[in-house]
Amino acid sequence: MADEVLGQFQQAVAEKKIDDSKKLKVGIIGTGWIAESHIQQYNEMPDVEVVAMADLIPGKAEAFKEKWGVKGDVHFYPDHKSMIDNEELDAVSVCTYNVTHAECTIYALEHGVNVLLEKPMCVTLDEAAEIVKAEKKSGKILSIGFQPRYDANMQMIKKIVESGTLGEIYYIQTGGGRRRGIPNSTFIEKRTGGIGALGDIGCYSLDMVLNAIGYPTPKTISAYKSNFFGTSTEYQSEYDAKRFDVDDFAAAFIRLEPGKYGDKDGIILDFRIAWAMHVDTPGDTIIFGKKAALRIPSTDCWNGTVGGPMKIYHDVAGARVETVVPIIQNRGQGLFYKKVRSFLDAIKNGGAAPVPSSQIIKNQAILDGIVKSAEAGKEIEIVMPEV
């Protein structure tokens with residue numbers, strides 16, 4: 001029986017050969033930590049030339065180029081506007097502070113440049129709407145940086161839901177986090193990060209389940225957030241505790257529309273995320289369906305995959321049965337490579353955005369709604385903007 005259930009989800013994977021007859025000219029906006037993952041992938045791709053880098057800090061981009069051995073003639077700029085105005089670029093990676101994601105992305109799109117935008121999409125729903133408007137007007141490709149989507153185990157979650165094995169979905173609990181794992185740096189200040197654990201790892205946790213169930217639209221949110229650990233000198237240096245003004249924990253009760261896979265009355269999403277807490281996990285992810293339920297073990301530090309073999313709980317001929325879904329080993333290149341490669345292939349082949357803004361704007365609506373509900377101390381309605 002287990003083999004029969006698991007057999008529904010098998011899919012052959014074929015490696016694609018890269019056509020390097022046309023070089024794509026790429027620029028990088030922001031040369032901090034996350035940009036390192038981008039440049040490592042671009043360095044591996046024979047059809048890419050990284051020709052420009054922009055960073056607000058003098059000398060930082062130059063040092064970045066030397067550190068990662070970027071070949072060829074690279075031009076350096078003090079900001080995204082001067083780079084885009086003076087270069088003929090096919091694409092840019094936006095790797096800046098969260099609070100500047102929107103302005104950099106919109107400017108690139110308005111000037112006819114395709115964009116790979118790091119997560120979170122931005123900070124507010126209003127910003128997300130402006131990004132989508134610019135994308136639609138430009139006709140260019142905008143893909144959001146959710147590399148966990150390329151993990152075979154994450155893809156298995158989506159396959160299980162789509163197969164109908166779980167039946168109509170009515171309730172989901174999800175989240176994750178770290179017992180201790182505040183990243184510090186620019187993440188912990190509102191002036192640069194905008195939001196804390198919500199934007200850093202919360203967006204991933206939401207995408208895992210929302211992508212699996214077809215990204216239904218959020219309706220209402222009742223939320224809570226705190227920063228007890230981030231602002232305490234017991235867990236942080238005095239310097240970091242003083243400047244910490246974002247969330248290090250958040251929880252929310254979210255009502256979603258039914259979408260394609262939900263019960264007619266909608267889906268309830270019970271969510272929590274943490275950079276720091278007095279427990280190893282706030283709980284596994286569980287997708288409750290009318291025919292079966294799926295348990296997805298949490299990870300120690302939200303790392304883009306699952307924490308162990310998943311399990312389907314269902315009934316067979318009146319007996320309670322559990323089907324173990326073994327861990328799948330990812331084939332070929334790593335997840336970050338696949339994220340970048342799929343974006344470039346969409347540009348070259350005229351394809352659709354691999355991680356489309358039409359989905360991630362709903363992710364952003366939830367993040368924004370959590371902040372607003374928590375600050376208001378009551379449930380709020382989510383009104384999706386017309387874009």
Indicate yes or no: at least one non-hydrogen side-chain atom of [X] is less than 4.5 angstrom from one of [Y].
X      : Y      : answer
Pro297 : Met310 : yes
Glu162 : Lys260 : no
Ser357 : Gln364 : no
Met83  : Leu89  : yes
Lys291 : Leu166 : no
Asp368 : Lys372 : yes

Would the number of heavy atoms belonging to other residues, nucleotides or ligands and lying under 6.0 Å from [atom1] of [X] be above 12?
X      : atom1 : result
Lys81  : NZ    : no
Arg255 : CZ    : no
Glu257 : CD    : yes

Answer yes if the side chains of [X] and [Y] hold a donor-acceptor pair under 3.5 Å, and no otherwise.
X      : Y      : answer
Ser298 : Thr281 : yes
Asp200 : Trp275 : yes
Thr323 : His314 : yes
Asp85  : Tyr107 : yes

Are the side chain of [X] and the backbone of [Y] linked by a donor-acceptor contact shorter than 3.5 Å?
X      : Y      : value
Arg180 : Met277 : yes
Ser342 : Lys339 : yes
Glu168 : Tyr261 : no
Asn349 : Gly351 : no

Point to revise | Of all pairs that satisfy ring-ring contact (aromatic ring centres under 6.0 Å, His included), the ones with a partner from residues 127-169, not counting sequence neighbours | key: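 Sorted result for residues 127-169: Phe146-Tyr204.
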Which pairs of donor and acceptor atoms, one on a side chain in residues 24-36, lie under 3.5 Å apart (sequence neighbours left out)?
residue, atom, partner, partner atom, Å
Lys25, NZ, Glu49, OE1, 3.2
Thr31, OG1, Asp55, OD2, 2.8
Glu36, OE2, Lys67, NZ, 3.0

Check your understanding: Which distance, rounded to the nearest 0.5 Å, do you find between the CD1 of Ile366 and the OG1 of Thr217?
Key ->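 Here the rounded value is 9.5 Å.
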**Study point:** NZ on Lys140 to CD1 on Ile347, rounded to 0.5 Å
**Key:**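 Nearest 0.5 Å value for the CD1-NZ distance: 8.5 Å.
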Exercise for review: Determine the interplanar angle of the His38 and Tyr42 rings, folded into 0 to 90°, and report it as parallel if under 30°, tilted if 30 to 60°, perpendicular if over 60°.
Suggested key: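 Judged by the thresholds at 30° and 60°, the geometry between His38 and Tyr42 is tilted.
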Practice item. For residues Cys122 and His101, report the shortest heavy-atom separation together with the two atoms involved. Key: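 Closest heavy-atom pair between Cys122 and His101: CA-CB, 4.2 Å.
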**Study point:** Cluster companions of Ile268 among Ile, Leu, Val, Met, Phe, Trp, Tyr (side-chain spacing under 4.5 Å)
**Key:**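 Its cluster partners, ordered by chain and number, are Tyr170, Tyr171, Phe253, Ile286, Phe288.
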Review point. Just one of Lys23, Lys348, Lys22 clears the salt bridge (charged side-chain N to carboxylate O under 4.0 Å, His left out) bar with Asp47, so which one?
Key: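 Result: among Lys23, Lys348, Lys22, Lys348 is the only option passing the salt bridge (charged side-chain N to carboxylate O under 4.0 Å, His left out) with Asp47.
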Review point. Salt bridge or not for Lys133 and Glu130, using N-O below 4.0 Å?
Key: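 Between Glu130 and Lys133 there is a salt bridge, with a charged N closer than 4.0 Å to a carboxylate O.
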